Protein chains: 2
Amino acid sequence: MLSKKTQYAFRALTHLVENYNKGPVLISEISKKKKIPLKFLENILLELKKAGILESKKGKGGGYFLKSHPSKTHVANVIRVVDGPISMLPCVSLYFYERCKNCDERYCGLHDVMEKVRDATLNILEKRTLQDLVV
Amino acid sequence: MLSKKTQYAFRALTHLVENYNKGPVLISEISKKKKIPLKFLENILLELKKAGILESKKGKGGGYFLKSHPSKTHVANVIRVVDGPISMLPCVSLYFYERCKNCDERYCGLHDVMEKVRDATLNILEKRTLQDLVV
DNA sequence: ATTAAAACCTACTGCTTTGGTAGGGTTTTT
DNA sequence: AAAAACCCTACCAAAGCAGTAGGTTTTAAT
């Protein structure tokens, strides 16, 4: 399951997609419109900025906005930034790989199954973008 | 990510598949062979029994064994019993559905994406069985 | 009938993560 | 000077995760 934090992230990003090319959007506006706790949202947006998904402008008239066109940011990317691994097992993760103990990957049936699941999942999440969220 | 508990469950089940039709297997044997903490394993096997995946026999000569043929128990079933939901959002879960707040499912883009992910995932996990784990 | 083996059951513990809240200070821009 | 993002520390309650402890019941062999 995605964490609430990730779900908040998607809701916030959706708002920024809807206001794409209309200049910076206040944190407080996103918080109000999407009903996300303000201070919590602050952290989330900062993370998304550090990850290169958002940009911000300080001072009066400042706020957050998408760094790239909505069709350029993939759903998978957002999940990885906020929640971490998408795979069901560490030993099949592409970005958060860890070897599993007591299990030889070459002969582990579960490994194979979860690899297939990963591929099927990423096939969707790496194609869908922020743009697809507002249709 | 699957919990360690679920991963233990699969390791234990794998052992029982390897010893299918050889009579009851001791918890302590599974624990030793698969390097799973004994008391923890006890709980896991009990859960799997209550869920109808395993059977047991008490007393001397007792132990655990698969209730049905390995090809009859699906990977998805095991995950649901031990870990719970497979979907990435409660609002797309088939077995653990919950409505999401502040989001109309009819117009929620994320909902649609996660529905696709669910279908792709289940398409694999509901076809693969315990038998596939030991190949 | 007794005893030992085994599953069964309940509860508990310690740790980490999640989902926040509180409150400030700093920097940049208008 | 004011507005806004930025950044930081600290704290909290609740839940989940991983595992442990210890006793109860059932069964089979003696």
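Everything quoted here is computed from the prediction, not taken from an experiment. Every chain is numbered from 1, with letters handed out A, B, ... down the list of sequences.
- Rounded to whole angstrom, the span from the CG atom of L45(A) across to the C1' atom of dA5(D) amounts to 10 Å.
- Of the possible donor and acceptor atoms, none in the side chain of R11(A) sits under 3.5 Å from a partner among the backbone N and O of I36(A).
- One atom, CD of E42(B), and another, P of dA18(D), lie 18 Å apart when rounded to the nearest Å.
- Rounding to whole angstrom units, CE of residue M1(A) and C1' of dA15(D) are separated by 15 Å.
- Between K4(A) atom NZ and dG16(D) atom C1' there is a gap of 16 Å when expressed in whole angstrom units.
- Using a 4.0 Å cut-off, some side-chain N or O of Y8(B) falls inside it from OP1 or OP2 of dG19(D).
- Residues R80(B) and I86(B) meet the side-chain proximity criterion, which asks for heavy atoms closer than 4.5 Å.
- Scanning both residues, D132(A) and K127(A), for their nearest heavy atoms gives OD2-O, 4.2 Å.
- Taking all atoms of both residues into account, the shortest heavy-atom contact from D83(A) to S3(A) is OD1-OG, 2.6 Å.
- In this structure, E47(B) places its CD atom 13 Å from C1' of dG16(D), rounding to the nearest Å.
- Rounded to whole Å, atom P of dA18(D) lies 15 Å from atom CG of L41(B).
- Rounded to an integer number of Å, the gap from NZ of K50(A) to P of dA5(D) is 15 Å.
- Nearer the 5' end of DNA chain D, as judged by each residue's closest nucleotide, is the contact made by S28(A), out of S3(B) and S28(A).
- Mapping G59(B) and K58(A) onto DNA chain D by nearest heavy atom places K58(A) closer to the 5' end of the strand.
- Side-chain polar atoms of S31(A) and S28(A) form no donor-acceptor pair below 3.5 angstrom.
- If you walk DNA chain C from 5' to 3' and mark each nucleotide with an atom closer than 4.0 Å to a heavy atom of chain A, the marks span dG19(C) to dT30(C).
- Comparing T6(A) and K60(A) along DNA chain C, the residue whose closest nucleotide (by nearest heavy atom) sits nearer the 5' end is T6(A).
- Among the protein residues, K39(A) comes within range of the nucleic acid bases, having at least one heavy atom under 4.0 Å from a base atom.
- Proximity of L133(A) to F10(A): side-chain heavy atoms (C-beta onward) are separated by under 4.5 Å at one or more points.
- Remark: the backbone N or O of H15(B) is paired with a side-chain donor or acceptor of N19(B) at under 3.5 angstrom.
- At whole-Å resolution of the value, CD1 in I44(B) and P in dT20(D) are 11 Å apart.
- For the pair K5(A) and G61(A), nearest-nucleotide mapping onto DNA chain C gives the more 5' position to K5(A).
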